[in-house]
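Working notes for the structure below.
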Amino acid sequence: MQAYFVGGGIGSIAGAAFMVRDAKVPGSHITIFESTPLLGGSLDAALRPESGYSLRGGRMLTTDHYECLWDLLKTIPSLDHPGESIYSETVRFNQAHPAHSRARLVDHNRFKQDVSSMGFTNADRIELLKLVETSEDVLGTSRITDWLSPPFFQTNFWWMWQTTFAFQPWHSAVELKRYLHRFMNEFPRIASLAGVKRTVYNQNDSIVQPLVAWLREQGVRFEHGTTVTDLDLHDAAGKVHVQGMTLHNAQGVRQLAVEADDLVFFQNASMTDASSTGSMDAPAPQLTKADSHGWALWEKIARGRPEFGNPAAFNSSVSESYWASFTVTCTQPAFFDRMETFSGNTAGTGGLVTFKDSRWQMSIVLYHQPHFRNQPADQQVFWGYALQPDRIGDFVAKPLSECSGAEILQELRGHLNFDPEVLTGANCVPCRMPYITSMFMPRAKSDRPLPVPLCSHNLAFVSQFVEIPDDVVFTVEYSVRAAQMAVYQLLNVQRAVPPVTRHDHSPKVLLDSLVKSFS
């Protein structure tokens, strides 16, 4: 038996690891095809020799959730401490650097907002409760704005919840409901972000690289520069069989036969598809799926097969799924020193600082340093993003989508009222991501395939665009859980997938959340 993973994101990497660890498949029988030089998909991070560091983003982690991720990382050794697991290393790091934000929201006067109150009216509470208690079948393809009135979107709660998880008012009501249930224990501490956990370095260095190193030791094969452009599907006896794959690389096109006992795991689409980066002097190019072809294979195999989902539900409105991020490399400590004094948090303990009145809806986060393995001691890296990058800025008379890195830093300094000297020598890399919240778009349940569709014989879907009841997209956990479910089902692994922890069933969590809603 051979196993083929189409795409080198965290779902594929985790799937290969579960296959080796739990299904006892020899690593030499597993191949991962990836079109780019890097592995990890959206968990990317890289040094750009000409302009410092760049990362599209970093997903929020907690140790109260993410059951499948930690189940895996408890058995994968750290690169820096080989006798210690990634999980243990991460827990120890967060015990030494606990998160407790003291500057979660900042207004246009540069005043830190009092966020002890959620800011709800009784009408807000009633509407939110109704949304939380309404079934997904009734919510259907409705948007958040179909259930919550305009005043709700001016509450402290919404500003904090929205920027922590990247929701927009026009996103799916089902996805917000799932988040409110899944992270109900985070509701009482959303102001301090005390539940958020960080990895020692960025998630590529701390999670992806150790996983890949372990997989290579097991003999797993990685084919970079290879794109799978077609799957040869055969329908027989009510089942769909993958019988072959079409591969493109620098040497040309080749056909790969998929035997009857072989398995194929397909990473259907990516939230960072068609992303692009700019520079200090130029904005990020405005790309779409026509430039990347990242949705093409899913669109092709789903045509006429409703069990394989509906990509159009997610990729048809860039204006509703797009936002932009930026990574700043500082070569002198002035900015970090000023921010630590202003916020009251040392780097790595504060989480997001959101400029509440920013037209761009800009937030930044100062990581614990170094944020990259082998990062020079005289450099510091922070990250930011804007949920409304197509609006005119407050201090730069153009939208972020048209701004260079230098102009983004100008806007940031305006919100903080910092002198230009604090960012002397800094390099800002803008990043445009047209589909970054495409998973949040309103969709029907059938628009996402199951990890292993009922009609499938040897094909599984491993991505953010599959249907997993009770769990939430836009998390590392979702991709890892999909991979674990798919591997266990196709290989009949007699080990339970860790269940979703139902914090929303805890009497204490329910009481704490109720009390907080009336604060």
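All heavy atoms count here, side chains included; hydrogens, waters and symmetry mates do not.
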Using the test side chain to side chain contact (heavy atoms under 4.5 Å, CB included), find all partners of Ser12 that sit at least two apart in sequence or belong to another chain. Phe5, Gln267
Counting only heavy atoms from other residues, nucleotides and ligands, does the tally under 6.0 Å from NZ of Lys445 exceed 12? no
Less than 4.0 angstrom from a charged side-chain N to a carboxylate O is my criterion; do Lys289 and Glu299 meet it? yes
Any side-chain heavy-atom pair from Thr288 and Pro434 closer than 4.5 angstrom? no
So does Arg359 get a backbone contact from the side chain of Asp394, meaning a donor-acceptor N/O pair under 3.5 Å? yes
Qualifying residues under ring pair (Phe, Tyr, Trp, His ring centres under 6.0 Å), relative to Phe165, sequence neighbours excluded: Trp161, Tyr179, Phe183
Backbone of His100 reached by a side-chain donor or acceptor of Asn345 within 3.5 Å: yes
Which pair of non-hydrogen atoms, one from Lys177 and one from Thr134, has the smallest distance, and what is that distance? NZ-O, 3.0 Å
Using only atom types and a distance under 3.5 Å, with no angle test, would you say the side chain of Ser192 pairs donor to acceptor with the backbone of Ser101? no
Aromatic centroids of Phe187 and Phe157 separated by under 6.0 Å: yes
Within the 3.5 Å criterion, strictly below it, is a donor on His65 or Thr62 matched to an acceptor on the partner's side chain? yes
Quick check: does any side chain N or O of Asn458 sit under 3.5 Å from a backbone N or O of Val242, one acting as donor and the other as acceptor? yes
Residue list, side chain to side chain contact (heavy atoms under 4.5 Å, CB included) with Ser142, at least two apart or on another chain: Leu139, Asp146, Trp147, Ala173
Any idea which heavy atoms bring Phe314 and Asp447 closest together, and the distance? CE1-O, 3.5 Å
When rounded to the nearest 0.5 angstrom, what is the spacing between SG in Cys68 and CG in Leu73? 11.0 Å
Would you confirm whether the ring centroid of Phe518 sits within less than 6.0 angstrom of the ring centroid of Phe120? no
For the pair Arg21 and Asp71, find out whether any cationic side-chain nitrogen is under 4.0 Å from an anionic carboxylate oxygen. yes
Donor-acceptor check, side chain of Ser517 to backbone of Leu514, threshold 3.5 angstrom: yes or no? yes
For Tyr435 and Asn315, which I'm curious about, is there any donor-acceptor pair between the side chains at under 3.5 Å? no
Ion pair Arg182/Glu67, N-O distance below 4.0 Å: yes
Using the ring pair (Phe, Tyr, Trp, His ring centres under 6.0 Å) criterion, which residues pair with Phe111? Sequence neighbours excluded. none
For the atom pair CG (Asp124) and CD1 (Ile126), what is the distance rounded to the nearest 0.5 Å? 9.5 Å
Note, Val132 side chain near His181 side chain (heavy atom, < 4.5 Å): yes
How close do Leu297 and Val228 get, heavy atom to heavy atom, and via which atoms? CD2-O, 3.5 Å
Please verify the inter-ring angle class for Tyr385 with Trp323; under 30° counts as parallel, over 60° as perpendicular, anything in between as tilted. tilted
Do the non-hydrogen side-chain atoms of Arg443 and Glu175 ever get within less than 4.5 Å of each other? yes
Can a donor-acceptor pair be found between the side chains of Gln484 and Asp22 at a distance below 3.5 Å? no
Where Gly350 and Leu193 come nearest, the two heavy atoms and their spacing: O-CD1, 4.2 Å
Side-chain donor-acceptor contacts of residues 194-201 below 3.5 Å, not counting sequence neighbours, with atom names and distances?
from   : atom 1 : to     : atom 2 : distance (Å)
Lys197 : NZ     : Gly195 : O      : 3.4
Thr199 : OG1    : Tyr201 : O      : 2.5

For Val115, is there any backbone N or O sitting under 3.5 Å from a side-chain donor or acceptor partner on Gln113? no
Less than 4.5 Å apart, any side-chain heavy atom of Gln203 and any of Val476? yes
Aromatic ring proximity Tyr4/Phe265, centre distance under 6.0 Å: no
Residues two or more places apart in sequence or in another chain: which of them pass side-chain hydrogen bond (donor to acceptor under 3.5 Å, both in side chains) with Asn94? none
Ser316: which residues meet the side-chain hydrogen bond (donor to acceptor under 3.5 Å, both in side chains) condition with it, sequence neighbours left out? none
For His108, ring pair (Phe, Tyr, Trp, His ring centres under 6.0 Å) partners two or more places apart: none
Considering only NZ, NE, NH1 and NH2 on the basic side and carboxylate oxygens on the acidic side, decide whether Glu133 and Lys130 come within less than 4.0 Å. no
Any side-chain to backbone donor/acceptor pair from His241 onto Ala260? Under 3.5 Å, distance only. no
If only side-chain N and O atoms count, and only distance matters, is there a donor-acceptor pair under 3.5 Å linking Glu127 with Ser149? yes
Are any of the side-chain nitrogens in Lys112 or Asp107 under 4.0 Å away from the carboxylate oxygens of its partner? no
Are side-chain N/O atoms of Arg56 and Ser275 paired as donor and acceptor at under 3.5 Å? yes
Establish, from distance only, whether the side-chain atoms of Gln168 and Gln162 form a donor-acceptor pair under 3.5 Å. yes
Across all chains, not counting sequence neighbours, the side chain to side chain contact (heavy atoms under 4.5 Å, CB included) partners of Thr227 are Ser35, Thr229
Which salt bridge (Lys or Arg N to Asp or Glu O under 4.0 Å) pairs, counting each pair once, include a residue from residues 510-519, with sequence neighbours left out? Lys508-Asp512
Looking only at side-chain N and O atoms, does Thr164 offer a donor or acceptor that is under 3.5 Å from a partner on Arg104? yes
Within the structure provided, determine whether Leu128 and Phe152 are in side-chain contact (heavy-atom separation under 4.5 Å). yes
Evaluation steps, side-chain hydrogen bond (donor to acceptor under 3.5 Å, both in side chains), between Asn492 and Gln494: CA-CA 6 Å; Asn492 194 30; Gln494 298 303 301; 2.8 Å; yes
Under 3.5 Å, is there a donor on one side chain and an acceptor on the other for Ser321 and Ser438? no
Side-chain donor-acceptor contact under 3.5 Å, Asp137 with Ser135: no
Using a 3.5 Å distance criterion without hydrogens, assess whether the side chain of Trp159 forms a donor-acceptor pair with backbone atoms of Lys356. no
I'd like to know if the side chain of Ser513 reaches the main chain of Leu510, judged simply by a donor and an acceptor atom lying under 3.5 Å from each other, with no hydrogens or angles considered. no
Work out which heavy atom in Gln464 is nearest to a heavy atom in Ser479; give both atom names and the distance. NE2-OG, 2.8 Å
Looking at residues at least two apart in the chain, or sitting in another chain, which of them share a ring pair (Phe, Tyr, Trp, His ring centres under 6.0 Å) with Phe355? His415
Note, Trp214 side chain near Val220 side chain (heavy atom, < 4.5 Å): no
What are the two closest heavy atoms between Arg448 and Val473, and how far apart are they? NH1-CG1, 3.4 Å
Heavy-atom donor-acceptor pair, Thr327 side chain to Leu55 backbone, under 3.5 Å: yes
What residues, two or more places apart in sequence or in another chain, satisfy side chain to side chain contact (heavy atoms under 4.5 Å, CB included) together with Ala269? Trp295, Trp298, Phe465
Hey, what do you get for CG (Asp44) to OG1 (Thr36), rounding to the nearest 0.5 Å? 9.0 Å
